[in-house]
Number of protein chains: 2
Amino acid sequence: MPGPPRVTLDDVARRAGVSTATASRALGDHPHVAAATRARVREAAEALDYVASPEATRLAGGPTGRVAVLVPHPSRWFFGELLEGLEAALRAADLDLVIFRVGGPEERAAFFARLPARRKVDAVVVLAFAVDELEHARLASLGVDVVAAGGRVASYPSVGIDDHVAGRQAMDHLVHLGHRRIGMIAVGDTQRSGAGPSGKDVGCLAPEPDGRTSAWRAALGDAGIAPDDELVVTVPWGGEGGADGMARLLGLRSPPTAVFAHDDETALGAIRTLRRAGLRVPEDLSVIGVDDHPLAALTDLTTVAQPVRAQGRRAGELVVAALRGELADGLPPAELLPTRLVLRGTTSPPGAPR
Amino acid sequence: MPGPPRVTLDDVARRAGVSTATASRALGDHPHVAAATRARVREAAEALDYVASPEATRLAGGPTGRVAVLVPHPSRWFFGELLEGLEAALRAADLDLVIFRVGGPEERAAFFARLPARRKVDAVVVLAFAVDELEHARLASLGVDVVAAGGRVASYPSVGIDDHVAGRQAMDHLVHLGHRRIGMIAVGDTQRSGAGPSGKDVGCLAPEPDGRTSAWRAALGDAGIAPDDELVVTVPWGGEGGADGMARLLGLRSPPTAVFAHDDETALGAIRTLRRAGLRVPEDLSVIGVDDHPLAALTDLTTVAQPVRAQGRRAGELVVAALRGELADGLPPAELLPTRLVLRGTTSPPGAPR
DNA sequence: CACCGACCCGCAAGCGCTTCCAGAGTCGTT
DNA sequence: AACGACTCTGGAAGCGCTTGCGGGTCGGTG
């Protein structure tokens with residue numbers, strides 16, 4: 001399968017009647033190339049349907065035009081959405097996106113040990129997971145720019161949401177409705193959360209209070225309610241986790257009248273448990289999540305919406321800026337996109353139909 | 001950001017006391033290299049933590065080690081899952097996955113017009129969408145192998161499920177429960193469905209009866225029920241589409257007692273409409289979908305499960321085989337993975353509580 | 001004991017592109 | 001009118017690796 005005869009830069013140059021060097025400069029937007037010449041070369045390239053060989057470009061010192069993205073779970077809505085935004089932004093800048101799945105600890109270890117992205121990309125985007133010191137060092141050894149999206153990793157430019165604020169939006173809503181005993185289903189999946197909002201460390205492997213959980217505590221405190229740690233259960237990510245968490249909460253001597261779930265899928269799991277237990281939502285128990293997953297609208301779930309795709313897009317833009325060397329030095333920028341409470345049918349005042 | 005000083009093959013060769021050529025052959029498992037020499041070179045490479053520059057390797061005649069994947073909607077579970085399986089299979093073969101989003105017609109046109117993958121990849125994987133003749137030609141001009149996953153594209157090796165069989169599993173279940181008036185919510189999104197099961201054409205843009213819809217008709221026929229075309233509504237993909245479809249079905253003079261939705265998300269949308277209309281599921285109306293989306297389990301939705309990730313993985317394996325030139329000539333293989341009815345709580349005999 | 005393969009190995013020619021360096025014009029200035 | 005300062009372009013040297021080709025070595029034959 002030799003494919004069609006490849007068009008080389010020399011072909012373009014010849015057709016445009018210039019040298020290879022000039023052709024290269026013309027195509028590369030270098031200064032000191034007459035506008036007319038540049039146009040002629042462009043035209044020739046266009047006519048020949050020329051595409052530079054990434055290998056040769058890179059070998060000769062140029063950029064690869066590729067960026068790697070480290071994604072824990074491509075099949076989850078959150079990551080898919082992030083990926084979609086990222087791809088759009090990078091594609092607009094003519095960059096290709098190479099994906100590397102780093103799900104479980106083994107895959108993760110394998111990735112950082114072998115560093116398969118080595119010398120293949122110009123930048124790396126880390127999607128929503130904490131990076132420990134060792135990993136940070138390995139990444140640094142790649143010698144490329146790194147950007148984090150969907151979560152914060154101190155020391156890298158990043159874009160995400162303020163988990164604490166999002167958590168407050170959810171909790172305050174519950175508190176305003178009159179709930180006093182509010183449970184929280186936290187997710188222990190470190191893959192999912194980034195470093196804490198004030199995380200000074202490179203990463204956080206210890207389950208240091210994540211923003212959403214700290215919001216639970218703070219909201220309660222502000223309302224003059226003593227936080228009861230029994231009301232916080234930590235489960236693995238996913239619907240089943242949420243279901244388990246709810247079951248545990250229901251098993252308490254004094255169950256909550258409302259539950260703040262780490263995210264929508266967890267919330268949906270919690271709701272299934274409630275339904276199976278014969279409890280009505282929101283009459284008997286209110287539930288709120290975070291994300292505004294498309295299925296939240298379908299299941300009438302009250303939630304705190306976050307602009308996921310926009311986070312991906314913005315991260316892509318940061319990458320482009322970094323590659324152009326346009327990123328200001330000093331503190332890496334940490335952009336926080338706004339979240340918004342979306343009222344639907346799974347929350348109501350305690351003990352009262354909506 | 002120059003990164004660490006790179007170790008070249010020459011360094012390794014020098015350390016092993018051989019020429020670059022020999023070092024290359026030793027590392028590349030070529031014949032005609034003395035075992036002792038090979039060992040010495042290996043050792044030197046190991047000691048120096050040598051990693052070949054993929055660029056140089058490729059430039060010198062090798063393959064790129066990259067494969068492109070064309071995906072319509074990365075954020076949808078179905079595609080994410082496909083991607084995940086694909087990535088795993090390719091990574092195992094040391095191939096990188098470059099993603100190209102080809103959602104709307106414009107993006108699609110842009111992709112095929114610019115053919116950005118040209119010379120950048122060794123193969124292309126098309127995820128679950130039909131390819132028209134023009135596109136097929138463009139793809140062919142890339143001179144690379146093409147594989148389809150999650151849907152069939154005649155003329156390319158592919159892996160997917162038999163939509164007709166899956167549809168029959170769903171429909172037969174409904175028929176066996178005693179339903180006589182069964183509606184179908186089909187999805188008009190051509191992105192989602194591949195060519196019809198008997199598609200001889202390269203692609204199918206016209207909404208030729210897709211497998212699931214033909215199954216609706218066939219199952220009814222086999223049960224001695226005259227198919228009423230009024231009961232088939234076509235909607236755009238997604239929960240909202242499903243909700244609309246259900247509303248239309250409910251508006252019929254004689255509404256169905258059961259509904260077969262194209263997929264789980266559509267089914268979930270349909271259920272929302274039912275709930276809002278005050279109808280109970282499955283007591284008043286049964287609903288079944290296809291996919292076994294993780295949220296189907298959470299919402300207790302009866303469905304026909306399909307092994308999505310496996311489809312991706314298998315497609316990856318086909319790519320690897322193709323790259324090795326191991327694919328038998330002649331008819332491109334079209335693998336069909338099995339689907340399975342998953343009984344849950346949204347179906348029951350008509351007019352009777354479960 | 002001379003001769004022929006089989007085996008290994010080194011030399012060197014690229015793969016396609018970027019970039020340093022220098023040459024040839026073109027202007028503007030004193 | 002002459003000279004420096006630029007602007008634009010071409011020549012050529014790699015980037016790191018693969019591979020065809022030819023020259024040594026060695027063991028095995030007649």
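Chain identifiers are assigned alphabetically (A, B, ...) following the order of the sequence lines, protein sequences preceding nucleic acid strands; residue numbering begins at 1 within each chain.
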Under the salt bridge (charged side-chain N to carboxylate O under 4.0 Å, His left out) test, residues paired with A/D10 that sit two or more places apart
none
Who passes side chain to side chain donor-acceptor pair (under 3.5 Å) against B/R101, sequence neighbours left out?
A/E84, B/E107
Ion pair B/D29/B/R42, N-O distance below 4.0 Å:
yes
Side chain to side chain contact (heavy atoms under 4.5 Å, CB included) involving B/A26 - partner list, sequence neighbours excluded:
B/V33, B/R38, B/V41
Between B/T22 and C/dG10, is there a side-chain N or O to OP1/OP2 distance below 4.0 Å?
yes
Could you pick out which residue, B/S19 or B/A60, lies toward the 5' side of DNA chain C when each is mapped onto its nearest nucleotide?
B/S19
Contacts of A/R314 meeting salt bridge (charged side-chain N to carboxylate O under 4.0 Å, His left out) (sequence neighbours excluded), chain-then-number -> A/E317, A/E335
Quantified as the angle between the terminal helix axes (five pairs each), what is the overall bend of the helix from C/dC1-D/dG30 to C/dT30-D/dA1 to 10 degrees?
50°
Give me the distances for all protein-to-nucleotides 24-28 of chain C N/O pairs that come in under 3.5 Å?
none

First and last nucleotide of DNA chain D in contact with chain A, 5' to 3', at under 4.0 Å to a heavy atom: what are they?
D/dT7 to D/dG16
Salt bridge flag under 4.0 Å for residues A/R91 and A/D96
yes
Can you measure A/L48 atom CG to C/dC17 atom C1' for me and round it to whole angstrom units?
16 Å
With the threshold set at under 4.0 Å for non-hydrogen atoms, list the residues of residues 28-44 of chain B touching DNA chain C in residue-number order.
B/H32, B/V33, B/A34, B/T37
I'd like a table of donor-acceptor pairs (distance under 3.5 Å, sequence neighbours excluded) in which one partner is a side-chain atom from residues 46-53 of chain B, with atom names and distances.
| from | atom 1 | to | atom 2 | distance (Å) |
| --- | --- | --- | --- | --- |
| B/S53 | OG | B/E55 | N | 3.4 |
| B/S53 | OG | B/A56 | N | 3.2 |

Regarding B/S53, tell me which of base, sugar-phosphate or nothing describes its non-hydrogen contacts under 4.0 Å with the strands shown.
sugar-phosphate
Take atom NZ of B/K120 and atom P of C/dC17, then tell me their distance rounded to the nearest Å.
13 Å
Set of residues satisfying side chain to side chain contact (heavy atoms under 4.5 Å, CB included) with respect to A/A110, sequence neighbours excluded:
none
Given that B/L59 and B/G17 both sit by DNA chain C, which one's nearest nucleotide is further toward the 5' end?
B/G17
For A/T64, the side chain to side chain donor-acceptor pair (under 3.5 Å) test, sequence neighbours excluded, returns A/D122
Can you name the salt bridge (charged side-chain N to carboxylate O under 4.0 Å, His left out) partners of B/R14, sequence neighbours left out?
B/D11
Rounded interatomic separation in angstrom, taking CG from A/D122 and P from C/dT18
13 Å
